[in-house]
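Notes follow once the structure below has been shown.
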Protein chains: 2
Amino acid sequence: MSLAYVILGLLEQQPMTGYDLKTSWFDDAIAHLWPADQAQIYRTLDKLEQQGWIACQVEVQPDRPNRKVYSVTEGGRMALQRWLHSFQPLPVIRDPLLVQLHFAANLPNADIVTLLEQQQAARREALAHCQAVAKKLLTAGSGSREQQLRRYVVEFAIQREQLYLDWLMQMIAELRSESPSL
Amino acid sequence: MSLAYVILGLLEQQPMTGYDLKTSWFDDAIAHLWPADQAQIYRTLDKLEQQGWIACQVEVQPDRPNRKVYSVTEGGRMALQRWLHSFQPLPVIRDPLLVQLHFAANLPNADIVTLLEQQQAARREALAHCQAVAKKLLTAGSGSREQQLRRYVVEFAIQREQLYLDWLMQMIAELRSESPSL
DNA sequence: AAATTATATATGATTAATCATATATAAGAT
DNA sequence: ATCTTATATATGATTAATCATATATAATTT
């Protein structure tokens, strides 16, 4: 489960609570890499603690629920290093739009174009999000190795969205140019 | 669940058994679109039958387990058409390699390059598979609308793999050109 | 005054996908 | 002679992810 390692990586930079992880990382700078739900974050923190890879220090708060600040243990650091050296299988991409197109032969072109334009809109948003993350990484300055690697990663995410958008545009043009009776 | 619609789409072309679906489609011409496990196929067939979207005709076989040949019902056909017109959310891509790179700052370049080369090998295989599917689509001839749409889809899958490979190559070159002490 | 947002953690339920294994037999390969 | 492959379906178990909801209070917005 890579989520566990994302969390280890984030906690290694700075000890944090589940709430912090969610609101300041998974909702934002990490969302393009590994989106995660609040429930899953807390459950993964539990598992990591049970494994001894993170430890928690409770900060008592009078009014609010206590903050459980987690930090990576020595065992956790080792586990993360091991994982960072291990081969990871290619993610499988299951894209419903591609399935729709594969079976779309008896839809009129106009209907297919509608589908494509809806995806286009969604993809533009996704691209914008990636670009926002990239921009933050650039303005954050410091050409550190860390930053550099992260830039490559976001840059790839941007290229991936761009490729999708290019392809959508081309298909739309193609379908529009065909006899509209189709 | 899109798998249900993939199955509807395949059965609409030709009534088939779960076994046929697996061996002649999901293992091959559909694998790049929506890989599916045998267990999941049979369970989805059960669900589709309960919903009344497919119906099964049992062909009794003396030696082997009986063949349950499924075909799409009128209700199923309508459900598929509805789905083919519905907006589908963008698939989320969770790519462990990108996570590794994001947190790889304290690995030596050589180690990162090793990771990248392993992915390169796996991606080359994935590309080869897509190309094989594309080739079959082309040699199958007949510039039918159906074929044309499927070609666009595989073509995109190929471009996606190609983009990944290009990016990997570039990163490898970049990391190799840096001071090897890193 | 009432509703929402922010802070913080937790659990129950469900879905989609994967892995393993079971049953049963015939044909083909080592 | 034994092992594997092909044909065919079925079920149990587990994982990863998502959705909903619960608790509790303060501050802010409408």
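Not measured: the values here are computed from a predicted model. In the text below, chain A, chain B and the rest are named by the order of the sequence lines, each starting its count at 1.
- Across its full length, the helix from C:dA1-D:dT30 to C:dT30-D:dA1 shows an angle of 30° between the axes of its 5 terminal pairs at either end, rounded to 10 degrees.
- Taking atom CG of B:Asp20 as the reference point, atom C1' of D:dT7 lies 10 Å away to the nearest angstrom.
- The shortest distance between side-chain heavy atoms of B:Arg145 and A:Glu178 falls below 4.5 Å.
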Please tabulate, for the side chains in residues 39-46 of chain B, all donor-acceptor contacts under 3.5 angstrom to protein atoms that are two or more places apart in sequence or on a different chain.
| from | atom 1 | to | atom 2 | distance (Å) |
| --- | --- | --- | --- | --- |
| B:Tyr42 | OH | B:Tyr19 | N | 3.3 |
| B:Thr44 | OG1 | B:Gln40 | O | 2.7 |

Original post:
What is the per-nucleotide protein-contact pattern of nucleotides 10-19 of chain D, from the 5' end, where B denotes a base atom under 4.0 Å from a protein heavy atom, S denotes such proximity for sugar-phosphate atoms only, and - denotes neither?
Top reply: BBBB--SBBB
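- The nearest whole Å value for the distance from the OH atom in A:Tyr19 to the C1' atom in D:dT25 is 13 Å.
- Residues passing the salt bridge (charged side-chain N to carboxylate O under 4.0 Å, His left out) test with A:Glu49: none are found, sequence neighbours excluded.
- Distance B:Met16 CE to D:dA8 C1': 15 Å, rounded to the nearest Å.
- Proximity of a side-chain donor or acceptor of A:Ser2 to a complementary backbone N or O of A:Tyr5 within less than 3.5 Å is not detected.
- In this structure A:Arg77 satisfies the salt bridge (charged side-chain N to carboxylate O under 4.0 Å, His left out) test together with A:Glu12, A:Glu74, sequence neighbours excluded.
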Hey, can you pull the donor-acceptor pairs under 3.5 Å for the side chains in residues 88-107 of chain B, sequence neighbours left out?
| from | atom 1 | to | atom 2 | distance (Å) |
| --- | --- | --- | --- | --- |
| B:Gln88 | NE2 | B:Ser86 | OG | 2.7 |
| B:Arg94 | NE | A:Pro35 | O | 3.2 |
| B:Arg94 | NH2 | A:Pro35 | O | 2.8 |
| B:Asp95 | OD1 | B:Leu97 | N | 3.0 |
| B:Asp95 | OD2 | B:Tyr164 | OH | 2.3 |
| B:Gln100 | NE2 | A:Trp83 | O | 3.0 |
| B:Gln100 | NE2 | A:Ser86 | O | 2.7 |
| B:His102 | NE2 | A:Arg150 | NE | 3.4 |

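- Within the 4.5 Å cutoff, side-chain heavy atoms of A:Leu115 are placed close to those of A:Gln118.
- Residue contacts shown for A:Thr23 are absent, as no nucleic acid heavy atom lies under 4.0 Å away.
- Rounded to whole Å, the distance from CD on A:Glu59 to C1' on C:dT7 is 13 Å.
- The closest side-chain donor-acceptor pair between B:Asp111 and B:Thr114, if any, does not fall under 3.5 angstrom.
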